[in-house]
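To keep things clear, I will list the structure first and then write my remarks on it.
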2 protein chains.
Amino acid sequence: MKMQTLAIVGVGLIGSSIAQAARARGVADRILGADRNAELLEQARRRCGLDECYTDVGAAVRQAQITVFCTPVDHIADQVAAAALSCAPGGLMTDVGSTKVTIVRGLEKRLPSRCRFVGSHPLAGSEKSGPGHARQHLFEGRMVVITPTEKTAPESLLEIKTFWQSLGAKVVEMTPEDHDAALARTSHLPHLVAAALAGGLPPELRPLAATGFRDSTRVAGGDPALWTGVLMHNRGPILQALQALEEELDRFRAALDAGDRAAIDLLLTQARRNRDALGN
Amino acid sequence: MKMQTLAIVGVGLIGSSIAQAARARGVADRILGADRNAELLEQARRRCGLDECYTDVGAAVRQAQITVFCTPVDHIADQVAAAALSCAPGGLMTDVGSTKVTIVRGLEKRLPSRCRFVGSHPLAGSEKSGPGHARQHLFEGRMVVITPTEKTAPESLLEIKTFWQSLGAKVVEMTPEDHDAALARTSHLPHLVAAALAGGLPPELRPLAATGFRDSTRVAGGDPALWTGVLMHNRGPILQALQALEEELDRFRAALDAGDRAAIDLLLTQARRNRDALGN
């Protein structure tokens with residue numbers, strides 16, 4: 001893929017990493033950054049070699065063949081709807097939000113039919129944030145879920161797919177609903193559980209929290225404001241995933257209550273087999 | 001500390017790492033390894049430069065000023081009790097088990113009074129196992145809990161404390177009961193939760209499990225047999241810790257059910273503060 005102008009709205013970790021990857025791989029002649037925070041924008045400009053920077057989102061979107069919204073999930077739909085007024089004919093918009101139903105189905109109702117939007121979610125990131133943690137190789141070999149709907153034109157889908165592939169990612173298509181149900185289990189619930197483990201640790205026990213506890217709770221170091229948005233968007237599927245987890249925990253509880261060594265061993269053996277299948 | 005002979009019983013990751021650290025720091029003139037598995041013993045000999053190797057535990061213990069039992073928690077008490085018959089006058093025994101009440105209180109009743117044993121638990125390790133993953137620096141700056149009882153002689157306590165410090169560790173004293181209650185929360189419960197998350201993941205969702213899920217479930221890759229022993233030893237405190245976690249999860253559930261953004265934000269903010277206090 002080679003486009004003339006790529007616009008990134010929101011120059012945090014993900015937005016800045018997209019800019020770096022696109023620059024390194026020659027995906028666009030010009031890369032524009034837009035962010036309400038001028039200081040962050042200047043940091044990102046220096047770190048990612050952005051060609052032009054705007055605090056007015058419309059000014060960037062107007063020039064771009066593809067615009068990627070890398071803002072908190074709470075803001076994406078409103079920003080895309082507002083940007084639609086500025087979007088050039090043939091311009092395509094996407095996002096990187098961790099939830100898709102609220103954003104994609106909401107925009108389906110709001111966007112004028114001439115505007116093209118396809119939801120995306122790159123499964124890459126970190127509990128860190130900001131352009132200072134951007135990494136040019138962040139998307140290489142990583143999965144990006146794109147979530148077309150019945151209304152998505154095949155050429156829009158292909159264009160977004162090609163865009164992410166040109167950053168080195170593997171692309172998979174899912175409905176917004178399937179995406180949210182899956183991510184509730186693979187990401188949102190683990191975040192909630194990590195937060196419950198970390199939040200429930202009495203301060204006097206901190207010195208006794210070693211590598212295992214730190215690994216298990218690392219994601220709880222993520223930005224609470226971002227994650228509150230995610231959990232609020234995806235409440236239903238997360239509550240269902242929590243229910244499924246409680247049933248797993250009940251199996252452990254029953255085995256421990258009964259002192260049933262064979263049952264514990266079986267549960268741990270199944271868990272290890274599943275975990276080993278993921279790699280490191 | 002400088003002793004003539006150190007014996008390591010069980011030459012897995014922890015035992016081999018102790019041998020390497022003791023060798024590198026000149027803690028003992030001779031380091032003996034004992035293991036029922038001759039092949040593992042040979043691997044450890046080559047990797048850690050063990051001076052002599054024995055498949056008969058008594059033959060090693062007989063010669064040692066300090067013997068460290070690095071075997072699964074299920075086996076430690078029986079092995080220490082059996083070794084007591086061979087222990088040289090003045091010999092001191094310790095272990096590295098992740099549970100202390102069952103081992104230490106059990107041995108209090110079984111050991112002849114001339115035999116000296118002090119329980120230890122180094123908070124270091126990995127989901128990996130075997131001498132191939134041994135690391136000479138494993139204990140540097142890491143916490144080792146030692147668990148004296150009313151019957152422990154002050155000079156035994158000092159000797160064990162000095163031993164771990166000589167490997168670079170920081171030593172803290174706790175009762176076996178306090179240790180097990182604390183570790184239930186900082187290690188055993190997180191393991192159980194990681195296993196529940198990993199065990200409950202439908203195989204078709206594996207491609208969507210990214211860094212967050214992998215971090216959160218990494219410990220579930222640990223040896224099921226070892227961990228079954230730990231969970232069985234510490235059933236009561238783990239069930240209490242599980243109860244406390246369920247109460248935390250209920251707070252999230254209530255906030256999600258109610259769509260209470262402020263409550264979710266508060267829970268995540270408290271969790272992040274706790275997590276940040278641990279460092280990386």
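Residue numbers start from 1 in every chain, and the chains themselves are labelled A, B, ... in the order their sequence lines are given, proteins ahead of strands.
Applying a 4.5 Å heavy-atom cutoff, the residues of residues 225-234 of chain A that approach chain B are A/A225, A/W227, A/T228, A/G229, A/L231, A/M232.
Under the 3.5 Å distance criterion, the side-chain polar atoms of B/T186 are matched with a main-chain donor or acceptor of A/L208. Between the side chain of A/R185 and the backbone N or O of B/P202 there is no donor-acceptor pair closer than 3.5 Å. Between the side chain of B/R235 and the main chain of A/D257, a donor-acceptor pair closer than 3.5 Å is present.
Between B/L123 and A/P207, the shortest heavy-atom distance links the atoms CD1-O, 4.3 Å. Between A/R214 and B/N280, the shortest heavy-atom distance links the atoms CB-O, 4.1 Å. Residue B/F213 comes nearest to A/P190 through the heavy atom pair CD1-CG, 3.6 Å, listed as atom of the first residue, atom of the second, then distance. Shortest non-hydrogen contact noted between A/D276 and B/G221 is OD1-CA, 4.2 Å. Taking both residues in full, the closest heavy atoms of B/N274 and A/G199 are given as ND2-O, 3.4 Å, listed atom of the first, atom of the second, then distance. Heavy atoms only, all atoms of each residue included: B/A271 and A/A198 are closest at O-CB, 3.8 Å.
Heavy-atom distances place no part of B/R251 under 4.5 Å from chain A, backbone and side chain included.
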| task | Starting from the C-alpha separation in whole Å, work towards a yes-or-no answer on side chain to side chain contact (heavy atoms under 4.5 Å, CB included) for B/V193 and A/S216. | result | CA-CA 9 Å; B/V193 169; A/S216 298; over 6 Å; no
